[in-house]
2 protein chains.
Amino acid sequence: MDRGAGVALWRQIAERLRADIAAGVYPHNARLPSEAELAGRFKVNRHTVRRAIGALAEENILRADRGRGTFVASRPIDYPIGRRTRFSEIVSRQKRQPGGRLVASSEEGADILVAEKLGIAPGSRVIRLETLSAVDGVPLTRATSWFPAERFPGLVAAYAETGSITKALERHGIADYTRLETRISARVAGADDAEHLSLPPGAVVLVSEAVNIDAEGNPIQFARARFAGDRVQIVVES
Amino acid sequence: MDRGAGVALWRQIAERLRADIAAGVYPHNARLPSEAELAGRFKVNRHTVRRAIGALAEENILRADRGRGTFVASRPIDYPIGRRTRFSEIVSRQKRQPGGRLVASSEEGADILVAEKLGIAPGSRVIRLETLSAVDGVPLTRATSWFPAERFPGLVAAYAETGSITKALERHGIADYTRLETRISARVAGADDAEHLSLPPGAVVLVSEAVNIDAEGNPIQFARARFAGDRVQIVVES
DNA sequence: GATTATTTGTCCGTATGTATA
DNA sequence: ATATACATACGGACAAATAAT
């Protein structure tokens with residue numbers, strides 16, 4: 001390292017590590033050499049290496065686990081949002097394995113927000129589907145979906161069987177549907193979401209609220225999906 | 001409250017409060033009566049009211065501050081993302097007052113990510129602008145922007161004077177620019193962002209990484225903006 | 001600056017109804 | 001029928017943060 005170059009040693013080390021990670025020297029989820037090992041290589045004190053690692057951990061590029069080591073954060077999956085947003089397609093396109101399972105379901109009266117989004121009267125019967133979707137076996141998103149109950153009588157069974165909203169809707173004559181609007185916010189994961197998504201307490205979820213409409217423009221689904229914040233990056237092309 | 005109606009008391013109270021908020025009995029940012037007061041009105045124990053408030057707080061409808069009271073959450077500002085995303089326009093359109101100020105700036109060599117996004121060689125000179133944008137005086141987003149240095153020599157001064165990226169770019173002959181791609185993720189706010197955005201420790205930020213291009217399609221800006229998670233809702237129309 | 005009142009947060013507990021094995 | 005677990009509802013005491021005096 002260049003001592004006295006006007007750039008702090010720990011910054012130089014951080015940038016070197018960042019470059020190595022970007023270049024693939026340390027792949028995603030790989031373990032970095034121990035702090036002592038790195039200190040030896042860079043010929044600096046271990047604390048200088050720690051400062052560099054701390055800076056990269058703050059950016060969520062590294063993840064330091066006491067007693068285990070320091071790891072390169074796993075690359076978040078790209079989740080493009082557009083007119084035709086389909087979980088299975090998005091995941092498959094990235095050569096990963098999609099999966100979905102039913103957590104719970106119920107039939108209930110639509111509250112104000114759901115009614116507005118589905119364009120029905122408050123109190124109308126709606127089917128609520130609680131689902132968990134995974135990528136390569138790792139849970140990615142926990143979603144709550146509402147559908148007009150009269151139009152989709154066998155929806156729960158169809159989803160439980162196929163693990164796919166798209167396929168379940170196909171069985172009810174919905175050959176195609178498109179996304180009208182997506183609203184994105186973020187918050188700390190609730191206890192239930194944290195458990196289903198295997199997140200530590202205090203972890204962050206990206207919340208996506210979306211309305212899907214059929215070919216005639218009628219709303220058929222309102223969904224509130226909670227994505228594990230560090231496992232996804234939502235992409236909007238404009 | 002209807003005891004023994006098959007619905008737990010705290011749920012009934014929560015739904016009553018939710019309805020009152022929706023109806024405008026308690027406007028945004030208004031203070032609710034104290035827990036003791038509400039317990040008296042509903043003729044239940046204070047803990048039962050707390051349970052109801054807790055449920056609504058989990059949904060970010062209420063916000064309870066120890067020693068101050070319980071408040072209706074302020075409605076998050078809608079932040080539509082599209083080809084022509086302009087902070088000032090978005091805020092003004094919602095009849096609110098936009099503001100921007102320069103936090104810091106520097107000229108530096110582009111790192112790998114910035115170079116790739118701006119379509120230049122790593123190490124090329126770039127201007128880095130650290131800005132803070134507010135709505136009605138409340139800080140909303142803390143952004144870091146990079147611009148090719150040779151093309152925008154007086155950019156820092158222009159932004160410091162106008163408080164607007166759009167206006168600063170106009171002075172450099174950019175009559176119009178459009179957004180190419182936006183990548184959205186979420187994480188816990190770092191110490192610096194938390195301070196500038198007046199966020200409590202552990203609060204959540206929405207991170208938006210975006211590339212803007214000029215009329216000829218050349219990248220002119222790469223920006224990483226951190227939005228206070230509970231003060232904004234990003235809207236994607238498709 | 002110190003004091004006090006107000007308000008929410010966190011404990012301790014008791015009792016009861018409901019669902020389940 | 002019995003036992004167990006769980007959610008609900010209530011009561012009280014105190015801590016911690018805030019606002020007003």
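Order of the sequence lines sets the chain letters (A, B, ...), proteins ahead of strands, with each chain counted from 1.
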- Task: Give the intermediate values and the outcome of salt bridge (charged side-chain N to carboxylate O under 4.0 Å, His left out) for residues A:Lys167 and A:Glu170.
- Result: CA-CA 5 Å; A:Lys167 284 178 185 150; A:Glu170 263 173 22; over 6 Å; no
- Would you indicate, yes or no, if D:dG11 has its OP1 or OP2 atom less than 4.0 angstrom from a side-chain nitrogen or oxygen of B:Asn45? yes
- Task: Please check the phosphate of C:dT8 (OP1 and OP2 only) for any side-chain N or O of B:Thr70 closer than 4.0 Å.
- Result: yes
Spacing of [X] atom [atom1] relative to [N] atom [atom2], expressed in whole Å:
X: B:Arg66; N: D:dA16; atom1: CZ; atom2: C1'; value: 4 Å
X: B:Ile13; N: D:dT8; atom1: CD1; atom2: P; value: 13 Å
X: B:Arg11; N: D:dA9; atom1: CZ; atom2: C1'; value: 14 Å
X: B:Arg68; N: C:dT8; atom1: CZ; atom2: C1'; value: 12 Å
X: B:Lys43; N: D:dG11; atom1: NZ; atom2: C1'; value: 18 Å
X: B:Phe42; N: D:dC10; atom1: CZ; atom2: P; value: 13 Å

- Tell whether B:His47 reaches the base of D:dG12 with its side chain through a donor-acceptor pair below 3.5 angstrom. yes
- Query: Do B:Arg46 side-chain and D:dG12 base share a donor-acceptor contact under 3.5 Å?
  - Reply: no
So, are [X] and [Y] salt-bridged, with charged N and O less than 4.0 Å apart?
X: A:Glu181; Y: A:Lys117; answer: yes
X: B:Asp230; Y: B:Arg63; answer: no
X: A:Asp78; Y: A:Arg96; answer: no
X: B:Glu15; Y: B:Arg11; answer: no

- Cation-pi, A:Tyr159 ring and A:Arg171 (6.0 angstrom, 45 degrees): no
- Task: Could you list the residues that satisfy ring pair (Phe, Tyr, Trp, His ring centres under 6.0 Å) with A:His172, not counting sequence neighbours?
- Result: A:Phe152
- Sorted by number, residues from residues 30-41 of chain B placing a heavy atom under 4.0 Å from DNA chain C are B:Arg31, B:Ser34, B:Glu35
- Message: If you take any heavy atom closer than 4.0 Å to DNA chain C, which residues from residues 50-60 of chain B end up in contact?
- Response: B:Arg50
- Query: When rounded to the nearest 0.5 angstrom, what distance separates CD1 in A:Ile184 from CD1 in A:Ile234?
  - Reply: 4.5 Å
- Item | Close side-chain approach of A:Leu199 to A:Arg231, heavy-atom, < 4.5 Å | yes
